[in-house]
Engineer: 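Below you will find the structure I want to go over with you.
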Amino acid sequence: MSAFDAVERDRRALERDQPGFEPKAMAEEVLPRRPTAAVRLFFEAGEWLRQRQSLIQRIQWAVVFAYVLLVAVPAFLPLPARTAHIWSNLTLFAQFAFWGIWWPFVLLSMALVGRAWCGLFCPEGALSEAASRFGRGHAVPRWIAWKGWPFVAFVCTTIYGQMISVYQYPKPALLILGGSTAGAILVGYLYGRNKRVWCRYLCPVNGVFGLLAKLAPVHFKVDPAAWTQSRLSGHAHAKAINCAPLVPIRTMRGASDCHMCGRCSDFRGAVSLAPRGPNHEIVHVAGSTSKPAETLLIIFGLLGVATGAFHWSVSPWFVALKQAVAEWLIDRDLLWPLRLQPPWWILTDYPEVNDQLTFLDGALLVAYIAATAAAIGGAISLCLWAAARSLGPWPAARFHHFAQSLIPIAACGVFIGLSATTVTMLHGEGLALGYVGLLRGALLVGSALWSLWLGWRIAGLSTTDIFRRAAATGLVGLAVLIGAGGWAVFLWVW
Ligand code: SF4
């Protein structure tokens with residue numbers, strides 16, 4: 001029996017046992033809905049994925065080939081001349097492909113179709129799993145499973161990327177992307193068997209992808225009743241499936257960890273690709289377990305560090321700070337921080353295009369990003385704490401849940417920041433993109449309203465008092481305003 005048929009069977013059984021039963025009145029995860037044409041279509045799509053694993057593998061190897069070509073080759077070519085174009089220079093083409101298209105639109109895809117990129121196309125995941133197939137197969141050590149890695153890896157990669165100008169030059173891109181790929185292969189070789197231990201725990205964007213996937217209107221849904229029934233009725237030894245990112249499928253309720261590979265579609269007649277509301281996971285699932293590492297990543301990572309990383313190069317405050325510190329150093333005859341020029345893999349060093357960072361630049365860059373993260377993250381934390389406190393005496397769980405409501409605005413900010421490279425490069429090619437400002441404004445306002453709506457829904461789980469609910473939502477709105485304000489300053493003030 002397929003998962004699709006199991007849903008229909010369970011629904012009929014409930015209608016038989018409870019005349020007048022109305023599925024829509026009850027929570028989606030408790031009672032199955034009437035399977036619609038859309039549900040059948042999604043189920044068939046999941047089945048299509050499951051049956052096309054060898055095709056998916058071939059696609060992954062093609063992506064690996066293109067990835068190696070675009071990451072490695074430009075690093076050994078001279079820097080492009082000023083007159084070079086995206087279509088005539090491999091370095092510029094690779095820069096546009098990676099930072100103008102791949103990175104912002106992979107992020108966007110997470111919110112649209114979950115982590116399908118990870119499971120169907122990602123070259124690092126494919127290489128890590130392939131290495132794991134022939135590797136040592138050790139058990140995953142505890143240090144790898146540390147929950148703080150997604151935050152630490154994101155912050156370190158973001159700051160280091162700014163220090164060496166990863167978006168502008170091919171050698172830093174090879175160092176960061178190639179280093180990450182080498183790490184994925186090594187971890188795959190050492191740990192797990194046919195698994196993606198790197199992707200599950202250590203990938204620098206794992207945490208961000210997991211957050212964005214919560215917004216996806218599609219996921220692999222597990223029917224616990226059908227699963228249990230399958231175990232009890234002769235399918236106790238159903239053929240095991242290999243979930244490479246180590247998701248505990250039976251208890252899976254969200255899309256954060258699932259790579260959408262389709263291998264478990266219809267497993268035990270209980271798993272199916274299914275549509276869902278884009279608010280469902282954040283409102284109904286994300287609050288059941290507090291995840292401080294996720295809260296840190298949203299508030300101090302995406303809304304703090306990422307904002308600072310885009311701000312510093314255009315900020316008049318950064319220039320004023322640099323001048324003041326430089327004068328202070330000169331007055332004391334301390335000139336080495338102004339002269340010291342570390343190599344390109346520590347700080348940007350391209351004298352041929354007049355682009356170099358001194359030791360002072362590097363130190364202030366890190367300090368500026370840290371200060372921005374502390375200021376924005378601290379203010380937002382205060383707002384969320386007050387929102388949680390306004391609804392009851394012990395705010396910790398609600399605080400973490402309210403933080404989840406900021407995912408749309410945080411994701412939108414990072415998408416807008418990253419797509420700035422796309423816009424700059426297309427401008428450089430002479431394309432007039434007059435509508436971009438309007439589009440950015442609409443995205444920012446839309447995502448801010450979405451976050452506010454999530455705040456309202458989450459507040460409604462704790463109180464029926466309309467005034468308390470409105471007050472808590474207002475405080476979440478203040479946090480949204482602070483987050484959006486940081487990006488608005490970057491886009492329209494500086
Ligand atoms: S739960 Fe695992 S096997 Fe199933 S679709 Fe997600 S990643 Fe693939």
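Quantities reported herein were computed from a predicted structural model and do not represent experimental measurements. If you read the sequence from its start, that first residue is 1, and numbering goes on from there. We count ligands from 1, going down the list as the structure has it; atoms in each ligand are counted the same way.
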Engineer: Give me the ring orientation class for Phe490 and His311: parallel if the planes are under 30° apart, tilted from 30 to 60°, perpendicular past 60°.
Structural biologist: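 Parallel, since the angle between the ring planes stays under 30°.
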Engineer: Taking N, O or S atoms only and a limit of 2.8 Å, check whether Cys264 reaches atom 8 (Fe) of ligand 1.
Structural biologist: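 Checking atom 8 (Fe) of ligand 1 against Cys264, no N, O or S atom falls under 2.8 Å.
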Engineer: Which residue and atom name correspond to the protein heavy atom nearest atom 7 (S) of ligand 1, and how close is it?
Structural biologist: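 Of every protein heavy atom, His259 N, 3.2 Å lies nearest to atom 7 (S) of ligand 1.
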Engineer: For the ring pair Phe151 and Phe300, is the centre-to-centre distance below 6.0 Å?
Structural biologist: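 No, the ring of Phe151 stays outside the 6.0 Å limit from the ring of Phe300, centre to centre.
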Engineer: Anything under 30° is parallel, anything over 60° is perpendicular, the rest tilted; go ahead and classify His284 against His280.
Structural biologist: tilted
Engineer: Run down the list Cys261, Cys258, Gly114 and name the one with the heavy atom closest to atom 3 (S) of ligand 1.
Structural biologist: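 Of the listed residues, Cys261 has the closest heavy atom.
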Engineer: Using a 4.0 Å cutoff against the non-hydrogen atoms of Gly262, which atoms of ligand 1 qualify?
Structural biologist: 5 (S), 8 (Fe)
Engineer: Tell me whether Pro245 reaches ligand 1 (any heavy atom closer than 4.0 angstrom to a ligand atom).
Structural biologist: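 A heavy atom of Pro245 does come that close to ligand 1.
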Engineer: To the nearest 0.1 Å, how far is atom 2 (Fe) of ligand 1 from its closest protein heavy atom, and which atom is that?
Structural biologist: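 Scanning the protein heavy atoms, the shortest distance from atom 2 (Fe) of ligand 1 goes to Cys243 SG, 2.3 Å.
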Engineer: Using the benzene-type ring in the case of Trp, are the ring centres of Phe267 and Trp227 under 6.0 Å apart?
Structural biologist: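 Close enough - the centres of the two rings lie under 6.0 Å apart.
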Engineer: Just say parallel, tilted or perpendicular for the rings of Tyr167 and Trp99, cut-offs at 30° and 60°.
Structural biologist: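 Plane angle over 60°, so perpendicular.
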